[in-house]
Amino acid sequence: MERLLVLVRHGQSEWNLKNLFTGWKDPDLTERGVAEARAAGGKLKDLKLTFDVAYTSALSRAQRTLALLLEELGQPDLETIRDEALNERDYGDLTGMNKDEAREKFGEEQVHVWRRSFDVPPPGGESLEMTAERVLPYYRSEILPRVIAGERVIVAAHGNSLRALIMDLEGLSPEEILKRELGTGAPIVYRLSDDGSIASVQDLKD
Ligand SMILES: O=C(O)[C@@H](CO)OP(=O)(O)O
């Protein structure tokens with residue numbers, strides 16, 4: 001039985017373009033982000049993939065990415081479940097701050113640690129570990145059972161909420177996840193074994 005799980009980060013957002021820490025704020029996609037979402041649908045269509053259910057966050061940049069992707073794929077009416085458990089990591093006091101200004105203010109290394117480490121939260125925000133504490137239970141209780149049952153599932157979410165899931169899925173160490181980046185609008189196609197472990201991964205980034 002095929003067990004298909006596709007993860008895709010939202011297309012470029014207006015705050016990505018402005019290089020601002022976004023977290024739980026809700027900017028829209030840029031025109032480039034819209035194009036990336038449609039292109040992601042095209043890549044999946046070229047692979048002749050279709051889905052039985054979709055999951056996304058409570059934030060519109062992910063929801064619109066999914067809707068545009070599904071429209072391109074020819075599945076505009078696919079069952080779609082939205083949950084804030086899949087929201088981006090909360091950047092706390094850094095939210096809305098320009099990332100270059102943050103580097104000037106706090107130093108390159110400190111900002112890198114806040115952005116990409118596993119267990120160091122930004123001031124007033126969530127570490128990746130804290131993000132995983134809401135993403136993983138949701139994945140294990142709501143998403144994984146449907147994948148194991150043979151439903152083809154796509155999840156459109158965010159850079160860090162997906163990094164939290166990928167760290168668990170791929171068994172990455174805190175050192176390995178530090179280096180893992182997700183491109184905007186780049187689907188990752190996982191095929192899972194019956195125990196939920198990975199049988200194959202295909203990264204469709206450009
Ligand atoms: O600002 C954010 O919410 C995230 C994703 O855009 O940024 P970073 O990639 O720096 O974690």
Side-chain angles (χ1 to χ4, degrees), residues 1-10 37 39-58 62-63 65-67 69-89 118-119 126-206:
M1 179 194 300
E2 177 184 67
R3 292 182 180 82
L4 178 68
L5 172 67
V6 173
L7 306 181
V8 59
R9 180 182 176 198
H10 61 80
K43 289 173 185 170
L44 296 170
K45 191 175 185 178
D46 291 347
L47 291 175
K48 297 183 176 28
L49 294 179
T50 54
F51 298 95
D52 300 300
V53 62
Y55 289 85
T56 191
S57 74
Q63 294 171 1
T65 296
L66 180 62
L69 178 156
L70 290 175
E71 192 179 304
E72 192 68 28
L73 193 56
Q75 292 192 276
D77 301 324
L78 184 69
E79 178 193 0
T80 296
I81 299 165
R82 301 174 172 177
D83 198 296
E84 70 177 30
L86 297 174
N87 274 18
E88 178 56 288
R89 158 249 295 285
F118 178 58
D119 56 3
E126 290 178 304
S127 65
L128 192 66
E129 185 176 29
M130 294 159 74
T131 306
E133 284 165 0
R134 57 177 165 81
V135 169
L136 293 181
Y138 184 80
Y139 169 72
R140 290 171 184 148
S141 65
E142 303 302 319
I143 299 174
L144 183 58
R146 295 185 73 163
V147 175
I148 298 299
E151 292 188 82
R152 297 157 300 173
V153 179
I154 183 165
V155 179
H158 304 266
N160 294 298
S161 57
L162 290 177
R163 285 174 72 246
L165 175 52
I166 288 167
M167 182 176 183
D168 182 74
L169 204 53
E170 298 186 11
L172 303 179
S173 68
E175 294 70 36
E176 288 167 322
I177 197 62
L178 194 68
K179 299 190 289 268
R180 190 63 180 269
E181 292 283 344
L182 297 186
T184 46
I188 306 175
V189 180
Y190 291 92
R191 296 189 192 271
L192 303 186
S193 304
D194 56 5
D195 64 355
S197 64
I198 295 172
S200 71
V201 186
Q202 194 178 0
D203 193 332
L204 303 184
K205 63 186 173 194
D206 289 330

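Numbering of residues begins at 1 and proceeds along the displayed sequence.
Formation of a donor-acceptor pair under 3.5 Å by the Arg89 side chain with backbone atoms of Glu129 is not found in this model. Using a distance-only test at 3.5 Å, with no hydrogens or angles considered, a donor-acceptor pair links the side chain of Thr80 to the main chain of Leu78. Here the side chain of Arg191 pairs no donor or acceptor atom with the backbone of Leu4 at under 3.5 angstrom.
For the pair Val153 and Tyr55, the minimum side-chain heavy-atom distance is below 4.5 Å. The shortest distance between side-chain heavy atoms of Glu142 and Asp83 does not fall below 4.5 Å. A heavy-atom distance below 4.5 Å is found between the side chains of Tyr190 and Ile166. Residues Leu86 and Thr56 fail the side-chain proximity criterion, which asks for heavy atoms closer than 4.5 Å. Here the side chains of Phe51 and Leu73 are in contact, with some heavy-atom distance below 4.5 Å.
In this structure, the salt bridge (Lys or Arg N to Asp or Glu O under 4.0 Å) partners of Glu181, at least two apart in sequence or on a different chain, are Arg116. Evaluation of the side chain to side chain contact (heavy atoms under 4.5 Å, CB included) rule for Ala132 yields Leu136, Ala164 as partners, not counting sequence neighbours. Annotation: salt bridge (Lys or Arg N to Asp or Glu O under 4.0 Å) contacts of Glu71 (sequence neighbours excluded): Arg38. Among residues two or more places apart in sequence or in another chain, the side chain to side chain contact (heavy atoms under 4.5 Å, CB included) test is passed with Asp195 by Ser193, Ser197. Residues meeting the side chain to side chain donor-acceptor pair (under 3.5 Å) test with Ser57, sequence neighbours left out: His158. Taking the side chain to side chain contact (heavy atoms under 4.5 Å, CB included) definition, one finds that Thr65 meets it with His10, Leu29, Ala37, sequence neighbours left out. Residues that satisfy the salt bridge (Lys or Arg N to Asp or Glu O under 4.0 Å) test with Glu84, not counting sequence neighbours, are absent from this structure. Listed by chain and number, the residues in a side chain to side chain contact (heavy atoms under 4.5 Å, CB included) with Pro174 are Phe118, Met167 (sequence neighbours excluded). For Glu72, the salt bridge (Lys or Arg N to Asp or Glu O under 4.0 Å) criterion is met by no residue, not counting sequence neighbours.
Interatomic distance, Leu66 CG to Ile81 CD1, rounded to the nearest 0.5 Å: 11.0 Å. Rounding to the nearest 0.5 angstrom, the gap separating the CG atom in Leu162 from the OG1 atom in Thr131 is 11.0 Å. Annotation: the span from Ile148 atom CD1 to Ile143 atom CD1 amounts to 12.5 Å, rounded to 0.5 Å. Taking CD1 of Ile154 as the reference point, atom CG of Leu5 lies at 9.0 Å (rounded to 0.5 Å). Annotation: the span from Asn160 atom CG to Ile177 atom CD1 amounts to 9.0 Å, rounded to 0.5 Å. Between the CG atom in Leu172 and the CG atom in Leu178 there is a gap of 11.5 Å [rounded to 0.5 Å].
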Side chains of residues 198-206: which donor-acceptor partners sit under 3.5 Å, not counting sequence neighbours?
from   : atom 1 : to     : atom 2 : distance (Å)
Asp203 : OD1    : Lys205 : N      : 3.1
Asp206 : OD1    : Lys43  : NZ     : 2.8

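Here salt bridge (Lys or Arg N to Asp or Glu O under 4.0 Å) pairs that include residues 151-160, with residues two or more places apart or in two chains, are Asp52-Arg152, Arg146-Glu151. Listed by first and then second residue, the salt bridge (Lys or Arg N to Asp or Glu O under 4.0 Å) pairs involving residues 155-172 are Arg140-Asp168, Glu170-Arg180 (not counting sequence neighbours).
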